[in-house]
K.L.:
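Please find one structure pasted underneath; my questions will follow.
One-based numbering, in listed order, for ligands and for the atoms of each. The figures that follow rest on heavy atoms only: side chains count, while hydrogens, waters and symmetry mates do not.
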Amino acid sequence: MTLRSVIMGTGSALPRRCVDNAELATMVDTSDEWIVGRTGIRTRYIAGEGETTSTLATEASRKALEAAGMVPGDIDLIVLATATPDQTFPASATIVQAALGINDCVAFDVAAVCSGFLYAITVADNMLRGGAAKTALVIGAETFSRILDWEDRATCVLFGDGAGAVVLQAQDTDEATGRGILASRLHADGRHNGLLNVDGGPSTTGTVGKVRMKGQDVFRHAVVNLAQVMREVLEDVGVTPDQVDWVIPHQANARILDATARKLGLDPARVVVTVDRHANTSAASVPLALDTAVRDGRVKQGDLVVLEAMGGGFTWAASILRY
Ligand code: COA
């Protein structure tokens with residue numbers, strides 16, 4: 001037997017307001033044809049009054065707990081990945097903790113932008129296997145709409161808001177066939193900070209800032225890095241791409257998903273795509289896509305699943321798990 005972190009339940013949440021490409025074309029000089037052709041995105045959800053990163057995160061967490069058949073009191077660790085916290089501090093994880101009525105547990109945020117959920121689940125997995133906690137809520141939640149420059153058509157059409165969560169529990173599982181996270185790899189290369197960032201912050205401008213991106217450079221790095229890190233986790237557990245049941249990628253751009261799948265020889269039918277509906281929700285995108293595929297019956301218990309993401313920094317990461 002071996003101690004592994006097993007996903008016991010998933011949940012997600014979206015803001016009330018759905019914005020399609022036609023509506024965006026009334027705000028900036030763009031078109032449905034351009035956005036769909038370059039990115040595959042058709043709609044995104046935008047947070048309105050009263051909707052914040054922590055309210056979306058709390059709703060996703062409640063659904064994940066319900067799916068796991070658990071209550072907030074079962075949780076002794078909350079790790080929340082976000083680049084758009086409610087406030088500079090406290091950590092949004094503690095706001096979710098309070099909303100769930102958990103008075104004492106470990107709770108903190110992780111910042112790795114679009115790779116944030118992969119970083120968060122890897123940190124939680126290590127803490128669970130190390131005995132620091134038994135049952136974790138791992139959340140990716142964002143309100144990127146609040147840091148977009150709504151006059152920059154090259155970025156504002158790409159992003160959306162949302163949250164996804166999983167309940168992760170340490171369990172003794174069979175070494176060969178058991179469920180749980182089997183391997184994870186994290187990377188960062190800060191030399192590329194300038195290609196995708198926010199032009200403000202508490203310690204520099206004293207403002208929140210707006211998203212800035214060199215799209216073509218990001219695209220090129222994304223395909224290479226994502227194929228490389230997926231290859232690493234597949235090799236870690238000795239499986240080939242054709243043995244993977246589902247890939248749950250970060251949902252940045254349909255063309256990145258296609259190019260990465262092609263580079264790795266993955267069957268595109270095995271790649272879960274939600275970018276058309278949700279756009280790029282940064283740290284929320286992987287758990288949102290996972291929850292979508294669990295609830296529509298694609299991802300089943302026992303399936304071999306690869307999660308992957310790449311984001312500002314650059315950071316990039318992948319995990320392989322038996323669901
Ligand atoms: N609508 C219409 N035209 C637009 C536009 C929009 N929303 N955004 C940019 N354009 C225009 C540009 O101004 C440019 O016009 P020009 O040739 O007259 O100067 C033209 O479209 C091409 O721009 P370019 O940036 O070269 O387009 P592209 O093919 O690289 O596509 C992205 C742009 C952003 C879709 C693409 O680079 C991309 O997906 N990059 C990865 C981004 C990403 O995923 N980031 C997150 C990673 S976590």
Side-chain angles (χ1 to χ4, degrees), residues 19-44 46 81-84 110-119 140 142 144-145 147-162 164 186-190 192-199 210-230 248-261 263 271 273-276 278-289 307-318:
V19 175
D20 64 15
N21 293 342
E23 187 176 343
L24 276 190
T26 66
M27 299 158 61
V28 286
D29 181 14
T30 190
S31 65
D32 179 57
E33 194 190 356
W34 192 95
I35 301 172
V36 173
R38 301 283 173 129
T39 71
I41 297 166
R42 293 178 187 277
T43 59
R44 74 284 293 141
I46 301 294
T82 192
T84 49
V110 161
V113 209
C114 298
S115 314
F117 183 77
L118 268 298
Y119 268 69
E142 302 276 15
F144 247 59
S145 63
I147 56 165
L148 292 176
D149 176 350
W150 287 98
E151 292 178 358
D152 177 11
R153 66 179 183 170
T155 53
C156 75
V157 303
L158 303 175
F159 295 92
D161 302 334
L186 305 179
H187 292 275
D189 184 349
H192 303 296
N193 272 324
L195 299 178
L196 175 55
N197 59 30
V198 164
D199 61 3
K210 301 289 182 202
V211 172
R212 304 293 170 208
M213 181 173 71
K214 301 216 169 18
Q216 283 191 2
D217 293 325
V218 176
F219 194 108
R220 262 198 309 278
H221 282 277
V223 175
V224 173
N225 290 344
L226 289 170
Q228 171 232 338
V229 73
M230 278 199 278
I248 317 281
H250 170 49
Q251 309 284 323
N253 181 318
R255 289 190 300 141
I256 294 180
L257 303 188
D258 291 344
T260 310
K263 206 168 168 61
V271 179
V273 179
T274 57
V275 68
D276 53 331
H278 302 153
N280 182 346
T281 57
S282 182
S285 91
V286 170
L288 246 172
L307 315 178
E308 52 92 326
M310 144 109 187
F314 292 134
T315 55
W316 65 105

K.L.:
Which of the atoms in ligand 1, numbered in the order shown and given with their element, are less than 4.0 Å from a heavy-atom of Ile256?
P.N.:
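The atoms of ligand 1 under 4.0 Å from a heavy atom of Ile256 are 44 (O).
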
K.L.:
Is it true that Arg255 and Asp258 make a salt bridge, defined as a side-chain N closer than 4.0 Å to a carboxylate O?
P.N.:
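A salt bridge is absent here (no side-chain N lies under 4.0 Å from a carboxylate O).
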
K.L.:
Is atom 5 (C) of ligand 1 near the protein, in the sense that some protein heavy atom lies at less than 4.0 Å from it?
P.N.:
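When distances to the protein are checked, atom 5 (C) of ligand 1 has a heavy atom within 4.0 Å.
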
K.L.:
How far does CD of Glu151 sit from NZ of Lys210, to the nearest 0.5 angstrom?
P.N.:
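It is 10.0 Å, given to the nearest 0.5 Å.
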
K.L.:
How close does the nearest protein non-hydrogen atom get to atom 34 (C) of ligand 1, and which residue and atom is it?
P.N.:
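Looking only at protein heavy atoms, the one closest to atom 34 (C) of ligand 1 is Leu158 CD1, 3.9 Å.
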
K.L.:
For Glu23, is the CD atom crowded, meaning more than 12 foreign heavy atoms sit under 6.0 Å from it?
P.N.:
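Enclosed: over 12 neighbouring heavy atoms sit under 6.0 Å from CD of Glu23.
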
K.L.:
To the closest 0.5 Å, what do you measure between CD1 (Ile248) and CG (Leu118)?
P.N.:
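Rounded to the nearest 0.5 Å, the CD1-CG separation comes out at 11.5 Å.
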
K.L.:
Nearest 0.5 Å, please: how far is CG in Asn280 from CG in Asp161?
P.N.:
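Reported value, rounded in 0.5 Å steps: 11.0 Å.
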
K.L.:
Between Gly215 and ligand 1, does any nitrogen or oxygen pair lie at a separation below 3.5 Å?
P.N.:
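N/O-N/O distance under 3.5 Å: yes.
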
K.L.:
Could you grab the distance from atom CD1 of Ile41 to atom CG of Asp32, nearest 0.5 Å is fine?
P.N.:
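These two atoms lie 11.5 Å from each other.
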
K.L.:
Check the surroundings of atom CZ in Arg212: do more than 12 heavy atoms from other residues, nucleotides or ligands lie under 6.0 Å from it?
P.N.:
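Above 12, so yes.
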
K.L.:
Can you sort out the partners of Phe159 under ring pair (Phe, Tyr, Trp, His ring centres under 6.0 Å), two or more places apart, ordered by chain and number?
P.N.:
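In terms of ring pair (Phe, Tyr, Trp, His ring centres under 6.0 Å), with neighbours along the sequence ignored, Phe159 is linked to Phe144.
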
K.L.:
Does the protein put a heavy atom under 4.0 Å from atom 21 (O) of ligand 1?
P.N.:
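Answer yes: something from the protein, a heavy atom, is under 4.0 Å.
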
K.L.:
Using a 4.0 Å heavy-atom threshold (strictly under), name the region of Thr39 that reaches ligand 1: side chain, backbone, both or neither.
P.N.:
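Near ligand 1, Thr39 shows its side chain, while the N, CA, C and O stay back.
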
K.L.:
Identify the protein heavy atom lying closest to atom 28 (P) of ligand 1, giving its residue, its atom name and the separation to 0.1 Å.
P.N.:
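Among all protein heavy atoms, the one nearest atom 28 (P) of ligand 1 is Arg38 NH1, 3.3 Å.
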
K.L.:
Around atom 9 (C) of ligand 1, find the nearest protein heavy atom and jot down its residue, atom name and distance.
P.N.:
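For atom 9 (C) of ligand 1, the nearest protein heavy atom comes out as Trp34 CZ2, 3.5 Å.
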
K.L.:
Is there a heavy atom in Ile35 that sits closer than 4.0 Å to ligand 1?
P.N.:
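No; Ile35 lies far enough from ligand 1 that no heavy-atom distance drops under 4.0 Å.
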
K.L.:
Regarding atom 1 (N) of ligand 1: of the candidates Asn21, Thr30, Val113, which has the closest heavy atom?
P.N.:
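Heavy atom nearest to atom 1 (N) of ligand 1 belongs to Thr30.
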
K.L.:
Backbone, side chain, both or neither: what part of Met310 comes under 4.0 angstrom of ligand 1, heavy atoms only?
P.N.:
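Backbone only; the side chain of Met310 stays clear of ligand 1.
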
K.L.:
Under the 4.0 Å line, does any protein heavy atom show up next to atom 18 (O) of ligand 1?
P.N.:
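Given the 4.0 Å limit, the answer for atom 18 (O) of ligand 1 is no, no protein heavy atom qualifies.
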
K.L.:
Who gets closest to atom 24 (P) of ligand 1 by heavy atom: Gln216, Arg153, Met213?
P.N.:
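Comparing heavy atoms across Gln216, Arg153, Met213, the nearest one to atom 24 (P) of ligand 1 lies in Gln216.
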
K.L.:
Without hydrogens or angle criteria, can the side chains of Thr281 and Glu142 be said to hold a donor-acceptor pair below 3.5 Å?
P.N.:
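Their side chains do not contain a donor-acceptor pair, so the 3.5 Å distance test is not met.
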
K.L.:
Check whether any protein heavy atom sits under 4.0 Å from atom 41 (C) of ligand 1.
P.N.:
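When distances to the protein are checked, atom 41 (C) of ligand 1 has a heavy atom within 4.0 Å.
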
K.L.:
Parallel, tilted or perpendicular, judged at 30° and 60°: which one describes the rings of His187 and Trp316?
P.N.:
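Rings of His187 and Trp316: parallel, under 30°.
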
K.L.:
Ligand 1 versus Thr155, non-hydrogen atoms closer than 4.0 Å: side chain, backbone, both, neither?
P.N.:
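Contact part for Thr155 vs ligand 1: neither.
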
